[in-house]
There are 2 protein chains.
Amino acid sequence: MDTKQEVAGRRMGPVGSDNWHAMLDGAETILREEGHAALTSRRIAEQIGVKQRLVYYYFRTMDDLIVETFRRMSARELARLSAARESAQPLREIWAVCVHTADARLVSQFMALAHRIDDLRREVVHFIDASRSIQVEAIAEAMERSGTKSRVSPAGLTLLATSVALAITRESALGITTGHHDVRTVIFALMDDLEPG
Amino acid sequence: MDTKQEVAGRRMGPVGSDNWHAMLDGAETILREEGHAALTSRRIAEQIGVKQRLVYYYFRTMDDLIVETFRRMSARELARLSAARESAQPLREIWAVCVHTADARLVSQFMALAHRIDDLRREVVHFIDASRSIQVEAIAEAMERSGTKSRVSPAGLTLLATSVALAITRESALGITTGHHDVRTVIFALMDDLEPG
DNA sequence: GTCTATACACCGATAGAC
DNA sequence: GTCTATCGGTGTATAGAC
């Protein structure tokens, strides 16, 4: 994690260094608290106490920085999902990860940015594919182990669960709660069948 | 629809006039095709063939224009939902409205902007509340009429359906289709029970 | 009503010193 | 590695003529 880069003859800062991480931390904070409009090189520099020029020493463009921010975050999230997958109660743990760590605001900012930044869109697609794979495996295994029959395939159940998890976090952030409790009850009843104990 | 306004002594263009609508049309198009970053007064003026100054004759600020764009669009959407609600097959019609007209890109742009613009966030909350009311009523009535029993309340079913409808449109736009077919099958099976014919 | 012209702030990105 | 300084561009918004 100390690879120096050189792009088109320009000296670049080491990937994975303290400043590098600090800048991504700053980007995350700004995105979460102020939104994409405030995510500028100057704002990031101010946030972590360096000069604006330094941002361009570590990242070739602002878009690069944004993509890297998402990449680091999604890697972290996938690691959490993998860990949950291998826990004693995979389904409940995965549900907890989906509901508690997916910051709805951050997600909406990245989704909007993915519209414009092709590399980011590719990363988003990769993240959704990868996380869904983990979830589908977990559900398929739980169905087999518990002998539960369902009209819905593991892939279908996964889409259902992730959809409502995201909707619940998004709406909660907006102060909307209609139907949330009822859906949670259904999800937990389903998990009681699939993952007893 | 011809109310002239005056704000802080500044002459303002008539709400509902041709130019007023043209500007909102332009804003929608730009948001859909280029994203929020491209939504500027200059870009809108260019889009509809007027000078940039005119945008500020019809709208006090860009944020006002954005809020108005969402307001007009959500009113249109609510009208569609109401019409679907009173059709022969309300559930199927409402599902069609949710899946086909909710442009996932536009939604993500507005959600991201709502982070920053308080008035927009209020409009978004109002829209979600209003549309959900219509949907819950439709489902409750269908359950009663068909005598269908369900573990899930109408509000819960509504949240489930709207969540997956949005997820399906969003993911389709990204080229992801895992589980989509299976979930659609479940939804349609459910509607076969609730709304025979 | 619609325009020209413009003030002013801020942004991304780079050159080059230390 | 980190900095000062700066260029060129673009954004919001307003004053005031026609």
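What you see is a predicted model; the values in this text were computed from it and never measured. Each chain gets a letter, A, B and so on, in the order its sequence line appears, and its residues count up from 1.
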Return a single string for nucleotides 10-18 of chain D, one symbol per nucleotide in 5' to 3' order, where B is base contact, S is sugar-phosphate-only contact and - is none, cutoff 4.0 angstrom on heavy atoms.
-BBBBBB--
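Distance, A/H36 NE2 to C/dC11 C1': 14 Å, rounded to whole Å. Distance CD (A/E34) to P (C/dC11): 11 Å, rounded to an integer number of Å. In this structure, A/F59 atom CZ and C/dT14 atom C1' are separated by 18 Å, rounded to whole Å. Remark: P of C/dA13 and CE of A/M12 are 11 Å apart, rounded to the nearest angstrom.
In this structure, the side chains of B/S108 and B/R170 stay at 4.5 Å or more apart for every pair of heavy atoms.
The main-chain N or O of B/R92 is found under 3.5 Å from a side-chain atom of B/E195 such that the two form a donor-acceptor pair. Between the side chain of B/H115 and the backbone N or O of A/R32 there is at least one donor-acceptor pair closer than 3.5 Å.
Closest to the side chain of B/K51, out of C/dT2, C/dT4, D/dT2, is C/dT4.
Residues A/E33 and A/R105 are not paired through a salt bridge, judged by the lack of any N-O separation under 4.0 Å between the basic side chain and the carboxylate. Salt bridge B/R76/B/E28: present, at least one basic N to carboxylate O contact under 4.0 Å.
Taking side-chain N and O atoms only, B/Y58 has no distance below 4.0 Å to OP1 or OP2 of C/dG1.
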Worked check of side chain to side chain donor-acceptor pair (under 3.5 Å) between B/T148 and B/D193
CA-CA 7 Å; B/T148 307; B/D193 288 340; over 6 Å; no
